[in-house]
Amino acid sequence: MPLLEVEDLKITYSTAEKDVHAVNGVSFDVEPGENYGLVGESGCGKSTIAHSVLGLLDDNANVERGAVRFDGRDLLDLSEREWQDVRWERIAYIPQSAMDSLDPVMTVGSQIVQAIRKHRSVTKSEARERVAEVFEIVGLDPDRTGDYPHQFSGGMRQRVTIAMALVLDPDLIIADEPTTGLDVIVQDKIIGKLLDIQEEIDSSLLLITHDIGVVAETCDDVSVLYGGKVMEQGRTYDVFRTPTNPYTMGLRNSFPDIDDLDSHALSIPGSLPELDTDPDECVFRNRCPFATEECAKAHPPLVEVDDQHSACYYADAAPELRDDASDPETWGLPIDLNRGDRDLGEIVLETDDLSKWFEQTQSMLQQLLAKEPDYVKAVQDVSIDVREGEIVGVAGESGCGKSTLGEVISLLQRRTGGDITFRGKSVDEYLDGDMKTFRSKVQFIFQDPFDSLNPRQRVRSIVGEPLKIQRRSADEIERRTVEILSDVGLEPPERFLDKFPHQLSGGERQRVAIARALVLDPELLICDEPASMLDVSLKASILNILREFADERGMGVVYISHDLASLTQITDRLAIMYLGRVVEFGDTSDVIRNAKHPYAASLLSASPKADPGIDRERVFLPGEPPNPIDLPKGCNFAPRCPKAREECRQSDPADDEFADGDHRAACYFPVENVDEELLEEYN
C-alpha cells in the first residue's frame, strides 16, 4: 500500500471576484521510503496540494472532489483533534521561509521542545536532550539551542526547521521550497543533510519546488504540474532525460547548464492561465509552440508513453518534439541569443581598492573608555571595471558583501575607502551636487519586486516616475512607458498600465521593476538577485532580456547573484566574492572551466544538475564563514580550505597572486584539478 495517495484531487478557492480552480484532478502515490517531487511554476497548485495533505488549507479553499489518504486513512475527513495525532507526529513539514516560520521571541530550542511535549509524554530535560541530538544530526552546535532565530544565518535557520520536522521521526516529510533563495553551498548542505537523515529514520519525502535541478538529484519519481494539472508523471530519470510533454521540455530547456557554456536557457513565452473556470482545453495551449485545434477541444488525459504518463495529444511524437523544442526559433526567441564574441566599448565604471565598513554600536562603558569600535568589513579592497555592452557577474555566499558592493557603486551607500570612477569622472563630483544626473545614468534593480514596487501606484505611475523626476513632458512619459513595457515583454502594454502590483504575477512584477530601471536608458544597471525567487522559465526570460538590452543598447551591467548557473548564461566576466574580497576575477569561461581559488571551485561543484543521469558528488564545504567583525589573520578562507598552509594563515594573498592574462585569483596555492584536489579532501 502506498504511504500517501492523492486521487483525482480538485480544489478551488472562493474570492470576491471569482473562483480560482487551483488543483484540477491531480493523482499520484508516494511509496514508503520514496522521494517524490512536485515541480512546476508558481501558481501550478503544488503548494495547495501540500496544504491539503497537511490539513492546512485556507478557509476559502473548497475540496470539490477526490481523496487524500495517508497509510490508508482519509485525511480530508479528520477533525482538528485527530490531526494532532498525525501532523508532526507522522507527517512533518519544512516550510519555505525559515525566518517567517520560527517565533522570533522564543529560543529555537524552546520551540522544538514545545513541539516534542505537545506529542510525547516526556520531561523538559528529556525533550532538551532530544533537541541536542537533532541539532547534531543537522550539523548545528547543540550549545546554540538557547539562541534566537535572528542569531542564525539563513541556512542555519533552515536547518533549525529541518531539526523541528525530524524530531519526532515522522513517516513522511513534506518540504515546500526548502532551499529557495539560499546560495548553492548552503543548499547543497541542506539537501545532503536532509537525505542522510531521511535515510537514517527511513521516512518518505514529498519535495515541492520549481528547481528541477534539486528534484533531478533528489527524487525517485516526479509529477510535473501546470495550471493545476499533471502534465507529466513518472521516474525522475525518464521524465527529465526524455520528456514527452512540451511543458516539461520547456522547463528542462529553461534550466541553465553550468557545464555547457555554448548552450543557453530558453524561456517559455507567454503567461500562466487565469484558472477562473474549469479547464476545457489543454491548460498549456496558449504557450505551447506545438498546439493545434485539437488541443482546444479538451485537456488531454494522461496516457502512457515509454513508461511515463503524459497529458499531450502528441506524446507519441515526443522525439521529434524534443528536437524542435531545443531550437530557440520554436519558442519565438532570438536565434543568436547569448552566442558569439562581443565588441565591448569604453569603460563605464571602475573601482580601485573600494571598501565599505560598518561601525558596530558600542556600549556606554566602551565609549567612556574611548575603545576603538569594531567594524564589519563588508567590502574590502575591491577593484573591478565594467565596459559598454558588458555584463559582469558577482557571485558568492550570502553575507559575502556582493549586495553591499552593488549599493556602494550605485551611491546608495557611502564608501569607506577607495575610488569609484564613472565615465572617467570620480563619483565625488556627482556627490557634490549633481546626483540627479548620476541617478539618470545609473539604475538599480532590487531582488524582491514585492518590496521594491509601491503597492498604491499603478504600473503607469511606477514606470513613468523616473521620467517625471527628470521633468519630461507628459506625452513623452506616456510614450516611453508604453515602449519600455513592450520591450520587457509585457504585451500588450495597455493590458498592464492600470494594474496594481498585487494584480501581477511575480515574473510580471519583476519585469515592471526592470522597465522602471530602463525607462531612462541608463548607461549602467546594477541588478541585485533580480531572478533568485522566480521560476526557472521566468528566470531565463529575465536573464535573456538583460542580455539583449546590454547587447543592443551598449549598457554596462553588474549582475549580482548566488546562482552561478544563471551567471554563466549572460555574463562576460565573473567576480567571485568571499567575506568582502574578490577572490577570483576573469572571463566567465576561464573562471567556470578553470577555477583557481578553492572557494570558487567549491561554488562550481555545489551547483545542481538538471540531468538525473549525472552522478554529482556533493561538496560539503566545512564550517561556516568566520565572524565578519573578527576576521582571521591571513586569508579569510583558510579556516575552511583543505589546501591551506601556514603561509595562508599568516598573510593575505594579493588579488592577483595568481595571474594569467585577465584571469586573477587571490590564492597562494591555486587549484589545478577540482575533482582530485577538492572533492576528496573536503569529503
Side-chain angles (χ1 to χ4, degrees), residues 2-14 19-31 34-71 73-78 83 86-87 90-97 101 165 170-178 180 203-212 214-215 218-234 236 239 245 247-248 251 272-273 275 278-279 283-284 299 302 309 311 535:
L3 181 67
L4 176 68
E5 298 172 89
V6 175
E7 182 181 342
D8 194 26
L9 186 64
K10 178 171 177 58
I11 301 173
T12 61
Y13 288 99
S14 301
D19 287 348
V20 177
H21 295 252
V23 178
N24 299 296
V26 170
S27 300
F28 64 89
D29 295 339
V30 180
E31 302 292 336
E34 181 186 40
N35 292 352
Y36 200 99
L38 294 181
V39 65
E41 294 174 275
S42 298
C44 70
K46 54 188 187 293
S47 291
T48 295
I49 294 170
H51 292 162
S52 70
V53 177
L54 290 159
L56 297 176
L57 286 171
D58 294 334
D59 291 339
N60 66 329
N62 307 298
V63 179
E64 304 283 345
R65 68 170 188 268
V68 178
R69 289 184 288 271
F70 178 76
D71 205 9
R73 186 180 186 184
D74 194 340
L75 298 180
L76 299 179
D77 293 333
L78 296 188
W83 264 114
V86 176
R87 201 182 293 134
R90 301 201 62 195
I91 304 177
Y93 181 48
I94 301 172
Q96 177 175 349
S97 176
S101 59
D171 299 307
L172 175 65
I173 302 167
I174 298 178
D176 189 359
E177 303 276 12
T180 296
S203 64
S204 298
L205 174 69
L206 180 61
L207 179 64
I208 296 162
T209 182
H210 62 252
D211 190 335
I212 63 175
V214 173
V215 172
T218 304
C219 297
D220 305 301
D221 292 86
V222 64
S223 284
V224 179
L225 302 178
Y226 182 81
K229 289 280 192 181
V230 174
M231 304 302 289
E232 189 159 3
Q233 199 170 70
T236 303
V239 169
N245 190 285
Y247 178 62
T248 312
L251 269 190
L272 295 167
L275 297 181
D278 203 8
V283 290
F284 189 55
H299 185 80
L302 279 171
H309 289 84
D535 305 317

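Note: hydrogens, waters and symmetry copies are ignored here, and every other heavy atom, side chains too, is used. What you see is a predicted model, and the numbers here were worked out from it, not measured in a lab.
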Apply side chain to side chain contact (heavy atoms under 4.5 Å, CB included) to the pair Val68 and Leu4, showing each step before the final yes or no. CA-CA 7 Å; Val68 178; Leu4 176 68; 4.1 Å; yes

Partners passing salt bridge (charged side-chain N to carboxylate O under 4.0 Å, His left out) against [X] (at least two apart in sequence or in another chain):
X      : answer
Asp278 : Lys10
Asp171 : Arg90
Arg87  : Glu80

Could you check whether any side-chain heavy atom of [X] comes within less than 4.5 Å of a side-chain heavy atom of [Y], counting everything from C-beta outward?
X      : Y      : answer
His51  : Tyr93  : yes
Val224 : Cys44  : no
Pro273 : Phe284 : no
Ser223 : Val26  : no
Ile11  : Ser52  : yes

Separation of [Y] [atom2] from [X] [atom1] (nearest 0.5 Å):
X      : Y      : atom1 : atom2 : answer
Asn35  : Asp221 : CG    : CG    : 9.5 Å
Ser14  : Asn60  : OG    : CG    : 6.5 Å
Ile91  : Leu54  : CD1   : CG    : 6.5 Å
Thr12  : Leu275 : OG1   : CG    : 11.5 Å
His210 : Leu225 : NE2   : CG    : 14.5 Å
Asp176 : Ser47  : CG    : OG    : 3.5 Å

Intermediate values then yes/no, side chain to side chain contact (heavy atoms under 4.5 Å, CB included), Trp83 and Leu75: CA-CA 8 Å; Trp83 264 114; Leu75 298 180; 4.0 Å; yes

For [Y], is there any backbone N or O sitting under 3.5 Å from a side-chain donor or acceptor partner on [X]?
X      : Y      : result
Asn245 : Glu232 : no
Asn24  : Gly227 : yes
Thr48  : Ala22  : no
His299 : Val283 : yes
Thr209 : Leu38  : no
Glu34  : Leu205 : no
Thr236 : Cys219 : yes
Lys46  : Gly40  : yes

Return each pair, listed once, that meets salt bridge (Lys or Arg N to Asp or Glu O under 4.0 Å) where at least one residue sits in residues 57-70; pairs must be two or more places apart or across chains. Glu5-Arg69, Glu7-Arg69, Asp8-Arg65

What is the minimum heavy-atom distance between [X] and [Y], and which atoms define it?
X      : Y      : answer
Leu76  : Gly66  : CD1-O, 3.8 Å
Ala165 : Ala92  : O-CB, 3.0 Å
Ile208 : Pro178 : O-CD, 4.1 Å

Could you pull out all residues at least two apart from His309 that satisfy side chain to side chain contact (heavy atoms under 4.5 Å, CB included)?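 His309: side chain to side chain contact (heavy atoms under 4.5 Å, CB included) contacts with Gln233, Leu302, Glu304.
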
Derivation of the side chain to side chain contact (heavy atoms under 4.5 Å, CB included) call for Leu172 and Ser203: CA-CA 6 Å; Leu172 175 65; Ser203 64; over 6 Å; no

With sequence neighbours excluded, tell me which residues meet ring pair (Phe, Tyr, Trp, His ring centres under 6.0 Å) with Tyr36.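 Residues passing ring pair (Phe, Tyr, Trp, His ring centres under 6.0 Å) with Tyr36: Phe28.
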
Could you give me the CA-CA distance, side-chain angles and deciding distance for Val30 and Ser204, then say whether side chain to side chain contact (heavy atoms under 4.5 Å, CB included) is met? CA-CA 8 Å; Val30 180; Ser204 298; 4.1 Å; yes

